[in-house]
Amino acid sequence: MKVLKFGGTSVGSAESLKNVKSIVESINGPVVVIVSALGGLTDRLIATAKTAAANDLTYLEEVEAMTERHLNIIDNVIDECNRRDVKDTVLSLLSDLKRMYDGVYLIRHLPQMTLDIIVSYGERMSSVIVAAMIKGGSRHDSLKFVKTEKWYDKNIADQKLTTHLIKEEFSKPFDKAIVPGFISTDCKTGDITNLGRGGSDFTAALVAAALDAEILEIWTDVDGFLSADPRIVSDAILVPHMTFIESMELCSFGAKVIYPPTIYPVFHKNIPIRILNTFNPSAKGTLITDSSCEGDLNVKGISAIRDTTLFHLGGNISGKLKNTVSRTFNALAKKGVKVFNVNRNDEKSGMSFAVAKADADVTYDLLCREFAPELSKGSLSLPERIDNVATIAVVGENMKYNSRLGARIRHTLSRDGISVEGHSEGASDTTMAYVVDSSKVDDALRHIHTLVF
Ligand code: ADP
Ligand code: ASP
Ligand code: MG
C-alpha cells in the first residue's frame, strides 16, 4: 500500500485539485492520502489571528475571503449532488473559526493554545473537500490518532501511541483514506496541537511507518529534490536519487522540500520516499532510499540555514578540549539546542560551533552556567558570538572520495570576496559546512553550485 502526501500548492486551487483527483484515482486498491491546508492558508490563519488580537476589525474581511475561497473551490471540484453537504460541513467549521477570532478580538490576546486551534482549521477543511472529491474517498480524522507530548515548551509527536492508534484506525478495510496532515492532539489533555510548520510530511511518514507502506510519495510543486533551492539558484538540477541520510542532512540544513523529522520514521522501516510533482505527474521525481546507487552524483545538493549564530569558546583549554566539547554538547542537547560543529578560520584555539539564531541567547546562558567554575577562575574566556551568519551545507555521501573539494570551495568563496567565518570538512562523512555573513549567503550558494554541479 502507498501513502501519498499533497502539499499546500497541490491542493491550493480547483485546477491543482483536479490533478490530485486523477493521481489518486489512478491507483488501484487502498491508499492513504495526507493533505495540507489550501496553499498559503496557514499563513493567513496566523496573520488573521494577530489582526484580531490587535483589536483590528479587518479580521472579519479575512474570514470572508477564506470563506469565498473554499466555497469557490467546492463549486468547481465537488459533484452537484454532494455539494450542499460539503458546503454545510465547511461552513460550520468556518463559523467555529470565526467565533475563535471573535474571542481573540474581544480579549485582545492570543495564547498559543488558541492559535493552535485556529491553524488546525486549514487541514480540517481541505481534507473534507478532498475526501468528497475522490471516488471511494473517506475522511479519517488525525485529531483522533496523531498524538503529541510536551517536550520543554514544544509539542513533539508521541510516536509510540500514534503508531498504535494509526494501526487501530486503519485496521478495517478502506479504499481511498483521506487524512488531514499537520494537526494532532495532546496525549494527556486532548488539546489541539500540531507537528510544526510543514508538518503534513511528518503525518504522512508516521502513517507510512505504522502501516508498513511500500512507499511514501510526497507530491509537491517541483519535479523532485533539486541540487539547490530553485528560488535562489535558477540552474539547480534534478537529483534522481539520494539516500535517507543525505536528504535528512539537506532538510535539516534548510532545504524546504521535506520537513526534517519526516525522514526518521520511514528510515527506520526502510520505506522509500519519492518526491513528485503534482503539476507534472509523469516526471520520475527523486527516489530516496537507504543506500547509494551506481551513477549517483558525488554531491547531492547544497542548502543553507540563514539565521545562525557562531560561538567560540577559548582560553586555556587545549589539553581539555575533548572534555569541553562533550560538556558543551551535552548541556545544549538537554535543552534541545541543535549544534553544527565548525572550525574557526582564524585558527583560534578552543572550540567553535554554530546554532540557530533563535537558540543563541539560550546557548550563551547555558555555556556561562556550564563553565561557571572555569570562567570565575579565568581559565576560560567568556563565549564569543558572531550573530547574523548563515551556515551552508554541501551534502553527499560520496564526497569523501573527492578530498580536494573543501579547499576548492573555500578558494572559490575567498576569490569571490566572501569570507568564511568557520567551516567543517570531514566532521561527518556526508556534510561539509561553511559559515558566511548572512548578507552573502545567496551569492555563496550560487558560487558553490557553479563549482560543484
Ligand atoms: P509543499 O507545500 O508541497 O509542502 P513546500 O513549499 O513545503 O511544498 O516545499 C517545496 C518547495 O521547496 C519548492 O517549491 C521549492 O521552492 C522549495 N525548495 C527549497 N529547496 C529545494 C530543493 N533543494 N529542491 C526542491 N525544492 C526546494
Ligand atoms: N499547513 C501547514 C503549514 O503550512 C502544514 C503543511 O503544509 O505541511 O505549515
Ligand atoms: Mg512542505
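Just so you know, ligand 1 is whichever comes first in the structure, and atom 1 is the first atom listed for that ligand.
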With a 4.5 Å limit on heavy-atom distance, are the side chains of [X] and [Y] in contact?
X      : Y      : value
Tyr105 : Leu60  : no
Met399 : Thr431 : no
Met432 : His423 : no
Met66  : Met125 : no

Selection from [options] by shortest heavy-atom distance to [atom]:
atom                    : options                        : answer
atom 20 (N) of ligand 1 : Val222, Asp229, Thr220         : Asp229
atom 25 (C) of ligand 1 : Cys251, Gly224, Ser227, Gly198 : Gly224
atom 17 (C) of ligand 1 : Arg197, Lys5, Arg231           : Arg231

Ligand 1 N/O within reach of Leu226 N/O, cut-off under 3.5 Å: yes

For [atom], which protein heavy atom lies nearest, and how many Å away is it?
atom                    : answer
atom 2 (O) of ligand 1  : Gly8 N, 3.2 Å
atom 13 (C) of ligand 1 : Asp221 OD1, 3.4 Å
atom 21 (C) of ligand 1 : Val257 CG2, 3.5 Å
atom 12 (O) of ligand 1 : Lys256 CB, 3.8 Å

Distances under 3.5 Å, N/O of ligand 2 against N/O of the protein: list each pair and its distance.
{"from": "ligand 2", "atom 1": "1 (N)", "to": "Thr42", "atom 2": "OG1", "distance (Å)": "2.8"}
{"from": "ligand 2", "atom 1": "1 (N)", "to": "Glu123", "atom 2": "OE2", "distance (Å)": "2.6"}
{"from": "ligand 2", "atom 1": "4 (O)", "to": "Thr42", "atom 2": "OG1", "distance (Å)": "3.3"}
{"from": "ligand 2", "atom 1": "4 (O)", "to": "Arg197", "atom 2": "NH2", "distance (Å)": "3.0"}
{"from": "ligand 2", "atom 1": "7 (O)", "to": "Ser36", "atom 2": "OG", "distance (Å)": "3.1"}
{"from": "ligand 2", "atom 1": "8 (O)", "to": "Gly198", "atom 2": "O", "distance (Å)": "3.4"}
{"from": "ligand 2", "atom 1": "8 (O)", "to": "Gly199", "atom 2": "N", "distance (Å)": "3.4"}
{"from": "ligand 2", "atom 1": "8 (O)", "to": "Ser200", "atom 2": "N", "distance (Å)": "3.0"}
{"from": "ligand 2", "atom 1": "8 (O)", "to": "Ser200", "atom 2": "OG", "distance (Å)": "3.1"}
{"from": "ligand 2", "atom 1": "9 (O)", "to": "Arg197", "atom 2": "NE", "distance (Å)": "2.7"}
{"from": "ligand 2", "atom 1": "9 (O)", "to": "Arg197", "atom 2": "NH2", "distance (Å)": "3.4"}
{"from": "ligand 2", "atom 1": "9 (O)", "to": "Gly198", "atom 2": "N", "distance (Å)": "2.8"}

Phe340 and Phe253 aromatic ring geometry - parallel, tilted or perpendicular at 30°/60° bounds: tilted

Parallel, tilted or perpendicular, as decided by the 30° and 60° cut-offs, for the rings of Phe244 and Phe267: tilted

Pairwise distance CD1(Ile232) to NE2(His449) - rounded to 0.5 angstrom: 11.5 Å

Any Ala228 heavy atom less than 4.0 Å from ligand 1: yes

Any donor-acceptor pair under 3.5 Å from Arg69 side chain to Gly12 backbone: yes

Side chain to side chain contact (heavy atoms under 4.5 Å, CB included), paired with Val3, selected from Ile273, Val207, Val179: Val207

Residue that, paired with Thr278, satisfies side chain to side chain contact (heavy atoms under 4.5 Å, CB included) out of Val11, Leu4, Leu17, Ile23: Ile23

